[in-house]
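Written out below as structure tokens is the structure these notes cover.
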Amino acid sequence: MQRKRLALYSRFLMAYTCCLTCSRAPERVIYWFRTDLRLHDSPALKAALDLKPDVLYPIWCWDSHYVYRARVGNNRWQFLLDCMDDVSKSLTNLNGKSKLLVLREPAVTLLPKLLKAWKITHLVFEKDTDSYGRDRDSEIISNAKKAGVEVVTKYGRTLWDSDDLVKANGGKPTMSITQLQHAGEKVGAIPLPVATPVTLPDLGGLQLDFAQNQPDGTPDMNAKYRDGEEASYSAGIAGPNNDFAVPTLKELGLKPATTHIRGGENIILPRLEQILSDEDYTGTFEKPKTSPAAFEPQSTFLTSPYLHLGALSCRYFYHRVGEILEKRRKAKQPVSGPPVSLHGQLLFRDMYFAAQAALGWSFGQTYNNSAIRFIPWHLPSKVDVNTKLITGEYEIDDERKEKEFQRWASGKTGFPWIDAIMRQLRHEGWIHHLARHAVACFLTRGGCYISWERGAEVFEELLVDHEAACNIGNWQWLSCTAFYSQFYRCYSPVAFGKKWDDNGDFIRRYVPELKDLPKKYIYEPHKAPLQDQKRAGVSITGDGEETEMDGVAVYPKPMFDFNTQRDICLQGMKKAYQVKLHGNSPQVLDGTWKSIFEDTGAGPTEGEKGGPGGTLGFGKAEEEDADEGSATPKKTTQGTSQPTPRSTRGHKREHSQGTLDGVFTKKRAKD
DNA sequence: CGGAGAGTTGAAACC
DNA sequence: CGGTTTCAACTCTCC
């Protein structure tokens, strides 16, 4: 009783002393940073400061989902930590007593305890329309409200609020850039940037009178990037020095990053300024005219990773470019327009975000996705037919295809243009947009005929700019399953590269074993006579297993005849387009699609003999209450009982639309 | 100078 | 924001 009175009195005193001009209670605000790691043009951060808080806690919830269960290579980890460090320094610059407080516990379990411990009045964060983000945030919001904490969210992640776009598009996913533009017109003008804060309230007390929930570290999908123990949770909520510092790669047990791309608002803003100062380049930018083979420097802005983590505001970028366009129009200088211009690129991003916002979890998969064409790809995702969600595993319907997939992912296909791109991706975490086209087409409709979902997973792991909506959307585009349909426009692994880089400098840089090969053979080294191979110090042989033989570097032979494979793919695509099934067609949902595609005539599909095309648990397996160990239906044959190197057994794939935080498991898909 | 033949270019059709 | 083939139209060269 005594204590309570004291608390009341001190609360009164605080109110009195904190705010002499008004009689309101002290505002104790948490600003929860997520994919908005910046201070400039942040509507949500502005909303937090507009509350005129007495204390402001800028926090980051350290998420097990991101640490263990999303595919995040060490390059993206480095980039994320860079951005966090950068924001923390910016906060300290505004107020020497403030910084980004990293709390080593996922938001869902942490926030309810934290709101209480720090007597929080308001929780403020940027709205997220990723499916995972929605699930997580709705739980956070409902818990906060129950605890009497006011929740404030603002939207600043895309040009328009994705939910508004969906509404303006009749509740349907935006499947073309025209739809997106019309929806955008209905929603209204793209909000102008808000001011960057110049002051920042102090932190309040940092007492942590509650226990830490240490999340389950298994399965650890990023184990292959670790050379030490993952220890980011074991030091407690405030970290090893009890100072809420941003963790290091070392603490995560991760190997050092190989990329030279570093994160942070304070890196991208000056660089953006520099690029924008070239008004001819900015004003006439046309994406298709920029070279995928250019490196050091690349031919485009390289803003995507910064946009993803919010280190650069897309609206700020949009309006800055708009000013330049306006100026040029007045001066009657040439300007480029959507879809090829810079504005066009940002519109595509909004299109993918809004499509995802409309479709939810199903956007990230073929099964039960109403907006996607069904194509009987090899290596399809396994599906839990009860939840209608993919499990994170995939069906190996053909061992040769699995081998091709691994060779593609590791840059050992024997097609130097493809391999150079995949090696650049692995090393730098970034490749040019058209390079993504080339390797994505190659893996799916224009080469291997392997599911786009396999490719999307590899990109998710390796790209520093991985953004679920854009990655998924672009893979659907390139595989001609959604957004785009001209499947006969097929990229050649030889001709397309040559068009941009006849000398093969890009290949020489990323596939160094070929660097001394004559220009004549650089795109097709297997055609080089043995004498030329010898002179160049490389032997073109094998299937990628060997990297060296008798002291001589080895580069593999092409893993198939491209033209033959291209014809097979075209036939398969033509058939699939005639059949006209979609991800949510009854025949896809129940697995009877297999009777529609013949073993031979349907191109590459294995038909009845192959995997069920992503229907794990379909049919008999359920009735026969299949033993836990192998939940694979009997009708699937070869390879399916073996765990695949890239998949995790028995666990849902939770990552593909994940944001950076949370401990959620997927919920049942909406029907 | 005309015309044959080789070489080049670009649009169109097809995959 | 595809590649390849084809074919007409054109240029160039040579006698």
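Quick note: numbers below take in every heavy atom, side chains included, and nothing from hydrogens, waters or symmetry partners. Since we're looking at a predicted model, the values are computed, not measured. Every chain is numbered from 1, with letters handed out A, B, ... down the list of sequences.
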A:I472 and A:Q476, any side-chain heavy atoms less than 4.5 Å apart: yes
What is the distance, rounded to the nearest whole Å, between atom CD of A:Q486 and atom C1' of B:dA13? 14 Å
In whole angstrom, what separates A:F442's CZ from C:dG3's P? 14 Å
Would you tell me if any nitrogen or oxygen in the side chain of A:Y484 comes within less than 4.0 Å of OP1 or OP2 on C:dG2? yes
Heavy-atom side-chain proximity of A:E467 to A:R349 below 4.5 angstrom: yes
With heavy atoms under 4.0 Å as the rule, sort A:F496 into base, sugar-phosphate or nothing. sugar-phosphate
How long is the line joining CD of A:Q565 and P of C:dG3, in whole Å? 18 Å
For C:dG3, does either OP1 or OP2 sit under 4.0 Å from a side-chain N or O belonging to A:K499? yes
Looking across every strand, which nucleic acid part, if any, lies under 4.0 Å from A:K574 by heavy atom: base, sugar-phosphate, or nothing? nothing
Just by distance, no angles: are the side chains of A:Q298 and A:H432 close enough, under 3.5 Å, to form a donor-acceptor pair? no
Using atom CZ of A:R489 as one end and atom P of B:dA13 as the other, report the distance to the nearest whole Å. 15 Å
Protein-nucleotide distance (A:N563, atom CG; C:dG2, atom C1'), rounded to Å: 13 Å
Among C:dC1, C:dG2, C:dG3, which nucleotide has an atom closest to any side-chain atom of A:Y488? C:dG2
Using ring centroids (six-membered ring only for Trp), state whether A:F483 and A:F348 fall under 6.0 Å. no
Whole angstrom is fine here: how far is it from CG in A:L570 over to C1' in C:dT4? 12 Å
Can you find a pair of side-chain heavy atoms, one from A:Y491 and one from A:F442, that are under 4.5 Å apart? no
Rounded distance in Å - NZ (A:K289) to P (C:dC1): 8 Å
How close or far is atom P of C:dT4 from atom CG of A:D567, stated in whole angstroms? 12 Å
Out of C:dG2, C:dG3, C:dC1, minimum distance to the side chain of A:R566 belongs to C:dG2
